[in-house]
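Beneath this line is the structure, given in structure tokens, with notes to follow.
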There are 2 protein chains.
Amino acid sequence: MTDRYHHGDLRRALIDAAVEAVAEAGPSALSLRAVAKRAGVSHAAPAHHFGDKAGLLTAVAAEGFDRFADALERTWDATGDFAAVGAAYVRFAIDHKAHFEVMFRPELLHTDDPDLNRAEARSRAALHRGTGADPEAVFNVRALGAWSLAHGFAELLIAGNFPQGVADNPEAAFKAVAAATLLGE
Amino acid sequence: MTDRYHHGDLRRALIDAAVEAVAEAGPSALSLRAVAKRAGVSHAAPAHHFGDKAGLLTAVAAEGFDRFADALERTWDATGDFAAVGAAYVRFAIDHKAHFEVMFRPELLHTDDPDLNRAEARSRAALHRGTGADPEAVFNVRALGAWSLAHGFAELLIAGNFPQGVADNPEAAFKAVAAATLLGE
DNA sequence: CCAGCTGTCTTGACACTGTCAAGTTCGAAT
DNA sequence: ATTCGAACTTGACAGTGTCAAGACAGCTGG
């Protein structure tokens with residue numbers, strides 16, 4: 001039924017396939033040929049859309065940063081609470097593990113990709129807002145601290161460094177940690 | 001002069017070569033054959049000592065955790081101050097970027113390796129001590145918070161997500177961040 | 001002194017990888 | 001109706017990890 005040529009939205013299908021593959025075995029084990037097979041196309045089809053392997057991962061990362069920004073903005077608008085934004089940070093890392101594992105790994109990406117940079121900037125702005133920092137300041141210690149706390153928590157958690165109790169309810173655990181460590185207003 | 005067989009301490013030489021290679025291009029770009037060439041041996045020599053690629057990276061990670069524990073213990077003994085331990089955490093990530101990039105990436109390692117587990121436990125104990133947490137408690141929010149803060153700061157820094165001012169003097173920046181965000185005693 | 005054994009390293013092979021060049025197919029514009 | 005260009009395939013190449021087999025060195029017991 002489907003033509004061999006002109007798939008329709010192969011770009012989309014390849015990104016989805018890549019996300020699945022990354023979710024299963026991590027970014028370093030990703031194979032372009034396996035992604036192509038998963039999408040039912042020839043082994044060189046990905047290169048046509050993304051240039052090379054880093055190009056495909058860059059597209060995944062860009063999509064990740066966009067959804068990330070969405071999630072952060074959404075919970076900030078709904079709660080206006082930093083701890084909630086931090087919990088959303090952690091939740092995103094778990095629910096979109098594949099995206100997250102790629103987003104902060106510049107050696108796998110084309111860091112000058114305009115789409116990636118745009119999505120990155122969105123996330124950065126959302127984060128800045130969520131930490132209550134002055135968006136004009138280039139160097140805000142409160143913002144760096146809040147970002148570090150949420151990011152470190154997320155990284156350590158998805159790498160399996162935290163005890164079972166944390167993994168069972170990560171958002172609550174993060175809120176407890178934030179309350180116990182962060183300075184008040 | 002050098003025999004082709006019985007190198008002397010090939011295991012050591014291979015680990016060093018691997019560390020150099022990782023430092024240059026990251027763990028995912030590591031090639032066993034390139035490591036072998038760097039050490040001046042045949043392409044299959046690494047497999048004999050480490051089994052496979054993950055085995056070599058596991059050895060690197062274990063060495064990393066040992067040096068990491070050393071550094072943390074040293075600064076805790078010298079200062080007794082958490083912020084100093086956190087700064088040492090960050091300093092280690094910078095000075096031993098290659099080791100650090102491998103240590104927290106379980107999908108690249110043999111996570112059941114006894115040597116790795118021993119070194120990991122050493123680091124964990126040193127960290128626990130450095131955060132002033134009860135070593136018996138399995139779930140200490142203060143310890144998790146301090147660990148997350150230092151780890152997140154280190155990860156974001158070496159991934160290039162922080163402004164230039166932070167990279168210029170990372171230890172001072174971390175201490176400032178810790179002072180501005182962490183609750184007091 | 002020397003036979004055999006064990007661990008160290010090499011050689012050769014295999015299937016798989018990313019990337020490139022060339023070819024094929026199809027939709028659309030002219 | 002023809003040309004044109006984008007989408008995708010096919011085929012090739014060098015490089016990869018891993019495995020089996022072989023070559024070598026040094027020790028161990030006679």
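Order of the sequence lines fixes the chain letters, A, B, ..., with proteins taken first and strands second; residue numbering starts at 1 for each chain. Just the heavy atoms: all of them, side chains too, but no hydrogens, waters or symmetry mates, feed the values below.
Atom P of nucleotide D/dT18 and atom CG of B/Leu30 are separated by 11 Å, given to the nearest angstrom. Distance NE2 (B/His48) to C1' (C/dT6): 10 Å, rounded to an integer number of Å. As a whole-Å value, the separation of A/Leu57 CG from C/dG18 P is 10 Å. One interatomic measurement links the two molecules: CZ of B/Phe50 to C1' of C/dC9, which rounds to 14 Å at whole-angstrom precision. Between A/Lys37 atom NZ and D/dT10 atom C1' there is a gap of 15 Å when expressed in whole angstrom units. Whole-Å rounding puts the B/Leu108 CG to D/dG17 C1' distance at 14 Å.
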Below 3.5 Å is the cut-off: list the nitrogen or oxygen pairs between protein and nucleotides 19-21 of chain C, distance only.
{"unit_1": "C/dT19", "atom_1": "OP2", "unit_2": "A/Lys53", "atom_2": "N", "d": "2.9"}
{"unit_1": "C/dT19", "atom_1": "O4", "unit_2": "A/Arg33", "atom_2": "NH1", "d": "3.4"}

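Every pair passing side-chain hydrogen bond (donor to acceptor under 3.5 Å, both in side chains) that includes a residue from residues 167-180 of chain A is listed here, sequence neighbours excluded: A/Arg91-A/Glu171, A/Gln164-A/Asp168. Legend: ring-ring contact (aromatic ring centres under 6.0 Å, His included) pairs involving residues 21-43 of chain B, not counting sequence neighbours: none detected.
Scored by the salt bridge (Lys or Arg N to Asp or Glu O under 4.0 Å) test, A/Asp81 finds no partners at all (sequence neighbours excluded). For A/Phe174, the ring pair (Phe, Tyr, Trp, His ring centres under 6.0 Å) test picks out A/Phe153, with sequence neighbours left out.
In this structure, the side chain of B/Thr79 does not engage the main chain of B/Ala84 through any donor-acceptor pair within 3.5 Å.
Residues of residues 10-26 of chain B having a heavy atom closer than 4.0 Å to DNA chain D: none are found.
Taking side-chain N and O atoms only, B/Ser31 has a distance below 4.0 Å to OP1 or OP2 of D/dT16. B/His49 has no side-chain polar atom (N or O) that falls below the 4.0 Å cut-off from OP1 or OP2 of C/dG7.
Taking the six-membered ring wherever Trp is involved, the centroid distance between the rings of A/Phe82 and A/Tyr89 does not fall below 6.0 Å.
Remark: the A/His151 side chain and the B/Glu155 side chain contain no N/O donor-acceptor pair separated by less than 3.5 Å.
You'll find the side chain of B/Thr131 stays beyond 4.5 Å of the side chain of B/Val85, heavy atoms only.
The aromatic rings of B/Phe68 and B/Phe92 sit tilted relative to each other, their planes meeting at an angle between 30° and 60°.
Residue contacts for B/Leu56: at a heavy-atom cut-off of 4.0 Å it reaches no nucleic acid atom on any strand shown.
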